[in-house]
Amino acid sequence: NPYMDFIFWLKLVHTAIFLFASFCIGYVVYCGFYNKSGSFLKISHAVVLSIGIAYVANGFECIISTLVHDIAGRRDVSDIFFPDWFARNIVPVSTVVYLVGVSAIIHNSVMKKRAE
């Protein structure tokens, strides 16, 4: 396939986006457990929710995955620099971890209001 170099760069960008989004999810969890807030927490929520909305709007598939599969002309081409078993579990694991962080933030907010 003459587009394999382009697919390599898409996989690299996809991996970088995944790592940044994972950092954002981790930051939400950190803020939830250590009762922190601020601008970067808001940015982290915006990043995670934007990716989630794009994922749902694209038929529950990552936009970059769709692009890689369309360019390759087949669906068995990896779209990220991780093993397939890891890539298949990114969304469910990330969603649960993010919701744990959000739940901790909500819990902290409720407890703060009760203390007032």
Side-chain angles (χ1 to χ4, degrees):
N1 189 327
Y3 298 107
M4 289 312 284
D5 285 342
F6 186 61
I7 290 173
F8 168 85
W9 290 107
L10 281 173
K11 288 172 67 167
L12 189 63
V13 168
H14 195 195
T15 303
I17 291 169
F18 164 77
L19 293 172
F20 180 67
S22 296
F23 174 80
C24 291
I25 290 169
Y27 190 72
V28 169
V29 172
Y30 166 80
C31 289
F33 282 98
Y34 291 97
N35 201 16
K36 305 284 184 189
S37 61
S39 297
F40 195 73
L41 176 59
K42 292 174 186 172
I43 292 168
S44 294
H45 281 301
V47 167
V48 174
L49 294 174
S50 296
I51 291 170
I53 290 167
Y55 178 82
V56 170
N58 193 47
F60 293 91
E61 181 175 67
C62 177
I63 293 169
I64 296 175
S65 299
T66 302
L67 185 57
V68 167
H69 297 149
D70 287 351
I71 291 169
R74 42 190 246 252
R75 299 200 54 83
D76 64 338
V77 175
S78 177
D79 59 321
I80 195 165
F81 287 120
F82 292 110
D84 287 340
W85 63 267
F86 183 88
R88 279 192 309 274
N89 291 298
I90 287 172
V91 173
V93 171
S94 297
T95 301
V96 169
V97 172
Y98 177 70
L99 291 175
V100 166
V102 170
S103 296
I105 290 168
I106 292 169
H107 172 77
N108 291 335
S109 177
V110 168
M111 296 310 284
K112 182 179 177 182
K113 292 218 185 291
R114 283 187 181 170
E116 293 174 355

**Request:** Might you point out which heavy atoms bring Glu61 and Asn58 nearest each other, and give the distance in Å?
**Result:** O-ND2, 2.8 Å
**Asked** Just how far is it from atom CD1 of Ile64 to atom OH of Tyr55, taken to the nearest 0.5 Å?
**Response** 13.5 Å
**Message:** Return the CH2 to CD1 distance between Trp85 and Ile90, rounded to the nearest 0.5 Å.
**Reply:** 10.0 Å
**Asked** Is it the case that one hydrophobic cluster holds both Val13 and Leu67, taking links as side-chain heavy atoms less than 4.5 Å apart, direct or via other members?
**Response** yes
**Prompt:** Is there a side-chain contact between Lys112 and Asn108 (heavy atoms, below 4.5 Å)?
**Reply:** no
**Fill in**
For Arg114, the salt bridge (Lys or Arg N to Asp or Glu O under 4.0 Å) test, sequence neighbours excluded, returns none
**Asked** Same cluster or not: are Phe23 and Leu49 linked, directly or through other Ile, Leu, Val, Met, Phe, Trp or Tyr residues, by side-chain heavy atoms under 4.5 angstrom apart?
**Response** yes
**Request:** Please name the pair of heavy atoms, one in Ala72 and one in Ile7, separated by the smallest distance, quoted to 0.1 Å.
**Result:** CB-CD1, 3.8 Å
**Request:** Kindly give the heavy-atom pair with the smallest separation between Cys24 and Val48, and that separation in Å.
**Result:** CB-CG2, 4.0 Å
**Prompt:** If you measure only the distance, is there a donor-acceptor pair under 3.5 Å linking the side chains of His45 and Tyr27?
**Reply:** no
**Prompt:** Is Ile80 reachable from Val93 through a run of I, L, V, M, F, W or Y residues, each pair having side-chain heavy atoms under 4.5 Å apart?
**Reply:** no
**Asked** Hey, what do you get for CZ (Phe86) to CZ (Phe18), rounding to the nearest 0.5 Å?
**Response** 4.0 Å
**Prompt:** Could you state the interatomic distance from NE2 (His107) to CZ (Phe33), rounded to the nearest 0.5 Å?
**Reply:** 10.0 Å
**Prompt:** Can you hop from Tyr34 to Ile106 via hydrophobic side chains spaced under 4.5 Å?
**Reply:** yes
**Request:** Looking only at non-hydrogen atoms, find the nearest pair between Val47 and Ala21 and report the distance.
**Result:** CG1-CA, 4.5 Å
**Request:** Not counting sequence neighbours, which residues clear side chain to side chain donor-acceptor pair (under 3.5 Å) with Ser94? List them please.
**Result:** none
**Item:** Nearest heavy atoms of Val102 and Val28, plus distance in Å
**Value:** N-CG1, 4.0 Å
**Cluster overlap Trp9 with Phe81, hydrophobic side-chain contacts below 4.5 Å** = yes
**Fill in**
Rounded to the nearest 0.5 Å, the CG atom of Asn35 sits from the CE atom of Met111 at a distance of 10.5 Å
**Prompt:** Is there side-chain contact between Leu10 and Asp79, with heavy atoms separated by less than 4.5 Å?
**Reply:** no
**Asked** Do you know which two heavy atoms are closest between Gly32 and Ile105, and how far apart they sit?
**Response** CA-CG1, 3.5 Å
**Request:** Can you measure from NE2 (His14) to CD1 (Ile63) and round to the nearest 0.5 angstrom?
**Result:** 9.5 Å
